[in-house]
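The structure displayed is predicted, hence computed values, not measured ones.
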Amino acid sequence: MEREKVRAYDNEYCKLRDIQFAAYELYARKHNLTAKELFVLDIIWFAPNGCLQTEICERLSATKQTVSAIIKKFWKMGYISLTEAENDRRNKIVRFTDAGMEYAEQIIPPAANAEVDAMGDLSDNDISELVRITTQFSASMKERFEQLK
């Protein structure tokens, strides 16, 4: 396919990605959060036994400093607890406290349900195709950007 045609598709895809991200950002703002803070809460919510800070960094492709600042904010609010990981004392296991569970319960399940409902609006074949192509495109994007100086 010629480069200009690919560029037009890329621009259209970027607009769609921006619409998705804006939905998260607007929802997060309703709860006085940033999208990254919302995503951190989401990751912890779906890790009933807790998760490592490094796992959050990897999942969000965020720096340790960014995730640490978010974790510290929620820790100061009494929403999360930090426990040293057995195999690496420098790495902390992040879990919700009871207050954190109550807080996140008002935010994360409605957002997760909205995502599932939106995906459910698609046919099984369309969902499968969306995930397949997005996986392929994401891997290619990661590889191409890693090659840049």
Side-chain angles (χ1 to χ4, degrees), residues 10-149:
D10 182 55
N11 286 338
E12 188 62 31
Y13 180 83
C14 288
K15 288 176 189 175
L16 297 171
R17 181 199 58 215
D18 293 344
I19 289 168
Q20 290 177 8
F21 189 79
Y24 289 114
E25 191 67 48
L26 290 172
Y27 182 74
R29 279 191 216 150
K30 289 179 183 179
H31 297 281
N32 297 315
L33 298 167
T34 65
K36 279 241 194 281
E37 290 169 341
L38 177 70
F39 297 153
V40 168
L41 290 176
D42 183 78
I43 291 167
I44 299 167
W45 181 265
F46 287 104
N49 296 320
C51 59
L52 297 173
Q53 282 183 271
T54 53
E55 293 171 339
I56 297 171
C57 292
E58 289 169 14
R59 170 92 182 269
L60 296 179
S61 297
T63 65
K64 185 177 179 183
Q65 293 86 344
T66 298
V67 171
S68 291
I70 293 169
I71 296 295
K72 186 176 181 180
K73 173 187 172 178
F74 291 132
W75 178 77
K76 283 183 175 181
M77 297 169 83
Y79 293 156
I80 61 164
S81 66
L82 299 171
T83 310
E84 289 180 354
E86 287 182 25
N87 56 351
D88 181 359
R89 296 179 60 176
R90 295 170 298 164
N91 207 354
K92 304 286 188 247
I93 301 171
V94 183
R95 293 181 181 90
F96 281 125
T97 61
D98 290 342
M101 286 293 289
E102 285 182 37
Y103 172 72
E105 189 170 26
Q106 304 304 310
I107 300 168
I108 300 306
N113 288 334
E115 287 176 327
V116 170
D117 291 345
M119 186 72 72
D121 289 341
L122 304 174
S123 72
D124 289 354
N125 288 338
D126 286 346
I127 293 170
S128 178
E129 191 69 358
L130 175 66
V131 172
R132 184 187 70 76
I133 292 170
T134 303
T135 300
Q136 194 175 0
F137 179 67
S138 297
S140 183
M141 281 283 293
K142 182 178 182 220
E143 182 180 316
R144 299 284 182 153
F145 271 80
E146 285 173 349
Q147 293 172 2
L148 298 176
K149 292 181 181 176

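- A donor atom on one side chain and an acceptor atom on the other are not found under 3.5 Å apart for Ser138 and Thr135.
- Between Phe39 and Tyr24, the distance separating the two ring centers is shorter than 6.0 angstrom.
- Taking the charged nitrogens against the carboxylate oxygens, Glu146 and Lys142 do have a contact shorter than 4.0 Å, which makes a salt bridge.
- Every residue was checked against the side-chain hydrogen bond (donor to acceptor under 3.5 Å, both in side chains) condition with Lys64, not counting sequence neighbours, and none meets it.
- Thr63 places a side-chain heavy atom less than 4.5 Å from the side chain of Thr66.
- By the 6.0 Å contact criterion, CG on Asp98 is open, its count of non-hydrogen atoms from other residues, nucleotides or ligands being 12 or less.
- Ala62 approaches Lys36 most closely through the heavy-atom pair CB-CE, 4.1 Å.
- For Arg132, the salt bridge (Lys or Arg N to Asp or Glu O under 4.0 Å) test picks out Glu129, with sequence neighbours left out.
- Side-chain contact between Ile43 and Glu55 is absent, with no heavy-atom pair separated by less than 4.5 Å.
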Hey, mind stepping through Lys92 and Thr83 against side-chain contact (heavy atoms from CB on, under 4.5 Å) and telling me if it holds? CA-CA 5 Å; Lys92 304 286 188 247; Thr83 310; over 6 Å; no
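- The structure places OG of Ser81 at 10.5 Å from CD1 of Ile71, a figure rounded to the nearest 0.5 Å.
- Remark: Lys72 engages no residue in a salt bridge (Lys or Arg N to Asp or Glu O under 4.0 Å) (not counting sequence neighbours).
- Crowding of Asp124 atom CG: a count of heavy atoms from other residues, nucleotides or ligands under 6.0 Å not exceeding 12.
- Within the 4.5 Å cutoff, no side-chain heavy atoms of Asn49 are placed close to those of Ile93.
- Residue Phe145 qualifies as open at atom CZ: its count of foreign heavy atoms under 6.0 Å is 12 or below.
- With Asn113 contributing its side chain and Pro109 its backbone, the two residues share a donor-acceptor pair below 3.5 Å.
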Could you go step by step and tell me if Asp42 and Arg59 meet the side-chain contact (heavy atoms from CB on, under 4.5 Å) rule? CA-CA 11 Å; Asp42 183 78; Arg59 170 92 182 269; 4.2 Å; yes
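- Two residues are said to be in side-chain contact when any heavy atoms from C-beta on lie closer than 4.5 Å; Ile107 and Tyr27 meet this criterion.
- Environment of CD in Glu86: sparse, with no more than 12 heavy atoms of neighbouring residues, nucleotides or ligands closer than 6.0 Å.
- Taking CD of Gln106 as the start and CE of Met101 as the end, the distance is 11.5 Å to the nearest 0.5 Å.
- In this structure a side-chain-to-backbone donor-acceptor pair under 3.5 Å is present from Glu37 to Thr34.
- Of the listed residues (Ile80, Ile70, Leu33), just one forms a side chain to side chain contact (heavy atoms under 4.5 Å, CB included) with Leu41, and that residue is Leu33.
- Remark: side-chain polar atoms of Thr97 are paired, donor with acceptor, to backbone N or O of Tyr79 under 3.5 angstrom.
- At least one side-chain heavy atom of Cys51 sits under 4.5 Å from a side-chain heavy atom of Ile44.
- Atoms SG and CD1, from Cys14 and Ile19 in turn, are 11.5 Å apart once rounded to the nearest 0.5 Å.
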Before giving the answer on side-chain contact (heavy atoms from CB on, under 4.5 Å), spell out for Met119 and Leu130 the whole-Å C-alpha distance, their side-chain angles and the decisive distance to 0.1 Å. CA-CA 10 Å; Met119 186 72 72; Leu130 175 66; 4.0 Å; yes
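- Two rings, from Tyr13 and Phe137, have their centers less than 6.0 Å apart.
- Between the CG atom in Asn87 and the CG atom in Leu52 there is a gap of 7.5 Å [rounded to 0.5 Å].
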Where do Leu38 and His31 land on the side-chain contact (heavy atoms from CB on, under 4.5 Å) test, with the steps shown first? CA-CA 9 Å; Leu38 177 70; His31 297 281; 6.0 Å; no
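- The side-chain heavy atoms of Phe74 and Tyr103, taken from C-beta on, include a pair separated by under 4.5 Å.
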